[in-house]
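First up is the structure itself, then whatever we jot down about it.
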Amino acid sequence: MNEHVDAGLAAALESGSGSNGAQGHAVAGEVKNPLLVALGDRVRNLRAQRGLTRKAVAISADVSERHLANLEYGIGNASILVLQQVAGALHCSLAELVGDVTTSSPEWLLIRELLEHRSEADLRRVRVALGELLGTASVDPARHRRIALVGLRGAGKSTLGQMLAEDLELPFIELSREIEKLAGCSVREIHDLYGTNAYRRYERRALEEAVQIYSEVVIATPGGIVSDPATFNELLAHCTTVWLQAAPEEHMGRVAAQGDTRPMAASKEAMEDLRRILNGRAAFYSKADLSVDTSGKTLSQSFQALRSVARQSMGLV
């Protein structure tokens, strides 16, 4: 038989005859892991889209046909290397094989193809254009009067934020405190008792309430607010954001000076961990409207730099 036989015919032949078909009926009544079942469905569907027989994929992926059959029936817990080989045989990415949302429909795939290999500047323009097209772009007239400070712990968001709010005669909010009020317990307890997902929900709700209540405000945000794209989008849409930057050593020194070493308490390589966190978040912090580098600056110098960019953004200079 031609290895590139029509997928519909191939599927009919495979499900109706041979040991593999019998195996499919044998496991039909068993309780299967939903994740493995979904993975098997995707492998089968991708193979059908390519018009390939199971045998052809098995040969190309250098795995046994039985192994591939188990994978498709949702009873084979393949290693990541085997999945990579199968993805190569199906001419798709590993992300597509395991169910990346951007592979869930033809339109998603076509859009992704258009965006691949684009520069960050191009992607930013696309994001803004999409927001305008879909009606989610920033149309909040109060956006320029809400100043939100983002950055890693130790950047000076609380101290400089309070000083800026007093200078501008605006309310000052520490979003972490608002999160604790909503939850009725500390941030640490939220994580310990309810988990990170619950914390992210409180964080989003606290931001939404702050935006609804205040049309003019200075907000010090938690360092990890950029970790949730939906919340970060909300922040970018309703606030003028300022990234307070600092060298990793200064972040660590400032947090330690406050007597708080909890973020790195369990690590023997604290500085390396901090650098990794900062590097991982820097690309997101850089989406802020403005930035102020406080490295090597005194508190007064940092404040004057922040005051200057904030007042200019608000049209007060």
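Values in this document were obtained by computation on a predicted structure and should not be read as measured data. Residue numbers start at 1 and run along the sequence shown.
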Answer whether the closest heavy-atom distance between the side chains of [X] and [Y] falls below 4.5 Å.
{"X": "M163", "Y": "L306", "result": "no"}
{"X": "R127", "Y": "L236", "result": "yes"}
{"X": "L160", "Y": "L299", "result": "yes"}
{"X": "S295", "Y": "E249", "result": "no"}
{"X": "I80", "Y": "Q84", "result": "no"}
{"X": "N70", "Y": "I75", "result": "yes"}
{"X": "H238", "Y": "I219", "result": "no"}
{"X": "S313", "Y": "V242", "result": "no"}

Point to revise | Trace of the side-chain contact (heavy atoms from CB on, under 4.5 Å) decision for V126 with R118 | key: CA-CA 10 Å; V126 170; R118 301 288 181 176; over 6 Å; no

Check your understanding: Do the charged groups of D228 and R200 touch, with an N to O distance under 4.0 Å?
Key -> no

Check your understanding: Do E120 and R124 meet the salt-bridge criterion of a basic N to acidic O distance under 4.0 Å?
Key ->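 Salt bridge: no.
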
Near [X] [atom1], under 6.0 Å, is it more than 12 heavy atoms from other residues, nucleotides or ligands?
{"X": "R177", "atom1": "CZ", "result": "yes"}
{"X": "F172", "atom1": "CZ", "result": "yes"}
{"X": "D62", "atom1": "CG", "result": "no"}
{"X": "E209", "atom1": "CD", "result": "yes"}

Say whether, by atom type as modelled, one donor and one acceptor occur between the side chain of [X] and the main chain of [Y] under 3.5 angstrom.
{"X": "T241", "Y": "D289", "answer": "yes"}
{"X": "R42", "Y": "V98", "answer": "yes"}
{"X": "E189", "Y": "S186", "answer": "yes"}
{"X": "R153", "Y": "G223", "answer": "no"}
{"X": "S60", "Y": "V57", "answer": "no"}
{"X": "K32", "Y": "Y73", "answer": "yes"}

Please report the closest heavy-atom contact between [X] and [Y], naming both atoms and the distance.
{"X": "A206", "Y": "E178", "value": "CB-CB, 4.1 Å"}
{"X": "G151", "Y": "K157", "value": "O-NZ, 2.7 Å"}
{"X": "V187", "Y": "E180", "value": "N-OE2, 3.1 Å"}
{"X": "A58", "Y": "L68", "value": "N-CD2, 3.7 Å"}
{"X": "I179", "Y": "Y202", "value": "CG2-CB, 3.8 Å"}
{"X": "L90", "Y": "R47", "value": "CD2-CA, 3.7 Å"}

Check your understanding: With H191, which residues qualify under ring-ring contact (aromatic ring centres under 6.0 Å, His included), at least two apart?
Key ->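 Scan of H191 (ring-ring contact (aromatic ring centres under 6.0 Å, His included), adjacent residues dropped) gives Y199.
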
Practice item. Starting from the C-alpha separation in whole Å, work towards a yes-or-no answer on side-chain contact (heavy atoms from CB on, under 4.5 Å) for L46 and H91. Key: CA-CA 9 Å; L46 285 165; H91 309 291; over 6 Å; no

Check your understanding: Could you go step by step and tell me if E203 and L207 meet the side-chain contact (heavy atoms from CB on, under 4.5 Å) rule?
Key -> CA-CA 6 Å; E203 183 179 61; L207 176 61; 6.0 Å; no

Check your understanding: Stepwise, does the side-chain contact (heavy atoms from CB on, under 4.5 Å) test hold for V226 with K287?
Key -> CA-CA 10 Å; V226 297; K287 302 303 176 187; over 6 Å; no

Check your understanding: side chain to side chain donor-acceptor pair (under 3.5 Å) between S93 and E96: does it pass, once the steps are laid out?
Key -> CA-CA 5 Å; S93 67; E96 184 171 1; 4.5 Å; no

